[in-house]
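All remarks here apply to the structure that follows.
Just so you know, ligand 1 is whichever comes first in the structure, and atom 1 is the first atom listed for that ligand. For the numbers below, each heavy atom of this structure counts, side chains included, while hydrogens, waters and symmetry mates do not. Being a predicted model, the structure only gives us computed values, none of them experimental.
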Amino acid sequence: MNLNHVIESQQFTLPKIKELFERTELMKKIVARGGTKDYENKIMANLFYKPSTRTRFSFASAMYRLGGKVMTTEQAGEFSSEVEGEKLEDTIRIIAHYSDVIVLRHVEEGGAERAASVSTVPIINAGDGSGGQHPTQALLDLYTIYSECNTLDGMSVAFIGALDTGRTVRSLAYLLSKYDRTKLYFIAPDEMQIKPDILEYLDKRNVSYELANTTKGIVNRVDVIYQTRINQNRLKSKKIDLSVYNIDSDVLKVMKNDAIIMHPLPRSVEISHEVDSDHRAKYFRQSENGIYVRMALLTMLFDN
Ligand code: CP
């Protein structure tokens, strides 16, 4: 499989993930020595219709570290010709003439696929809609698990939060399903549980999973706690106390010593700041890995 557009995490075969991780190791070394000029003739367009800190900046940083150039708009709905009624497809056709790759965060689920259908340069989905995917986040998440736990087989992972709208959870579940003896726990209030399409996919691949409303009895035995945001405003029943989903010193006490805590960030209150200094807190390392993995991914697209 040659990489062209990066729309959903299911696209990535095990050999491609292996190649990506080998390149990621190389990128760490390249960044440590100040970057390269190997891709100085390449231009990346960052086209973001929704807010972003990590994805937008890390893609830009990745491109600069490769020697390339970056064009960006962070409020494309306001600062692109969409305000004049231009459709996404026309915007993409135009920007594809000015760049070698387009990184797109779009408001609609399926926005990246629409862009890819007309683009003459690779489209990278940097998050589509509220229940779509965020494949590059999932790749850096997978790399973080691999680099921290030294394996991807036999991993038990607890996803916590508003899982129905969790793009990163959806994308990572697809990737983890490729590995042997994966066990997934989806922990959320019923109204925010993971959507059936993911469970159907896991069923087809005979991946073991459980749905739960509580972290109790689960966070003490998993290898990875993957925390995400839960917005109180979305709850129909105000009686549900969302603080029961928080990761705090009580969770630290029961977690395995070699387990890790991840979060795609930004966080709100769902991980207490007292957790940050614990050796198992890996969410800042995880966001740092975004630079190396995204550099690796860009080189795979450019070297195609
Ligand atoms: N993890 C993530 O996508 O963060 P941003 O929204 O800041 O890009």
Handout entry: Thr55 side chain vs Ser52 backbone, donor-acceptor pair below 3.5 Å
Key = no
Practice task
Run the numbers for me: atoms of ligand 1, each under 4.0 Å from some heavy atom of Thr53, listed by number.
Solution key: 5 (P), 7 (O), 8 (O)
Exercise for the section: Check whether the side chains of Glu270 and His263 place a donor and an acceptor atom closer than 3.5 Å, and report yes or no. Expected result: yes
Problem - Proximity winner for atom 3 (O) of ligand 1, if only heavy atoms of Arg56, His134, Gln286 are counted - result: His134
Practice task
Give me the ring orientation class for Tyr201 and Tyr174: parallel if the planes are under 30° apart, tilted from 30 to 60°, perpendicular past 60°.
Solution key: perpendicular
Fill in the blank from the handout: Nearest non-hydrogen protein atom to atom 4 (O) of ligand 1, with distance, is Arg54 NE, 3.1 Å
Exercise for the section: Quick one: look up the protein heavy atom nearest atom 6 (O) of ligand 1 and list residue, atom name and how far away it is. Expected result: Arg105 NH1, 3.0 Å
Problem - Derivation of the side-chain contact (heavy atoms from CB on, under 4.5 Å) call for Val101 and Val121 - result: CA-CA 5 Å; Val101 62; Val121 300; 5.6 Å; no
Problem - Atom indices of ligand 1 within 4.0 angstrom of Leu265 heavy atoms, with elements - result: 1 (N), 2 (C), 4 (O)
Exercise for the section: Would you sort out whether Tyr146 and Ile17 count as a side-chain contact (heavy atoms from CB on, under 4.5 Å), showing the intermediate values? Expected result: CA-CA 11 Å; Tyr146 175 67; Ile17 293 170; over 6 Å; no
Practice task
Please say whether Pro266 places an N or O atom under 3.5 Å from an N or O atom belonging to ligand 1.
Solution key: no
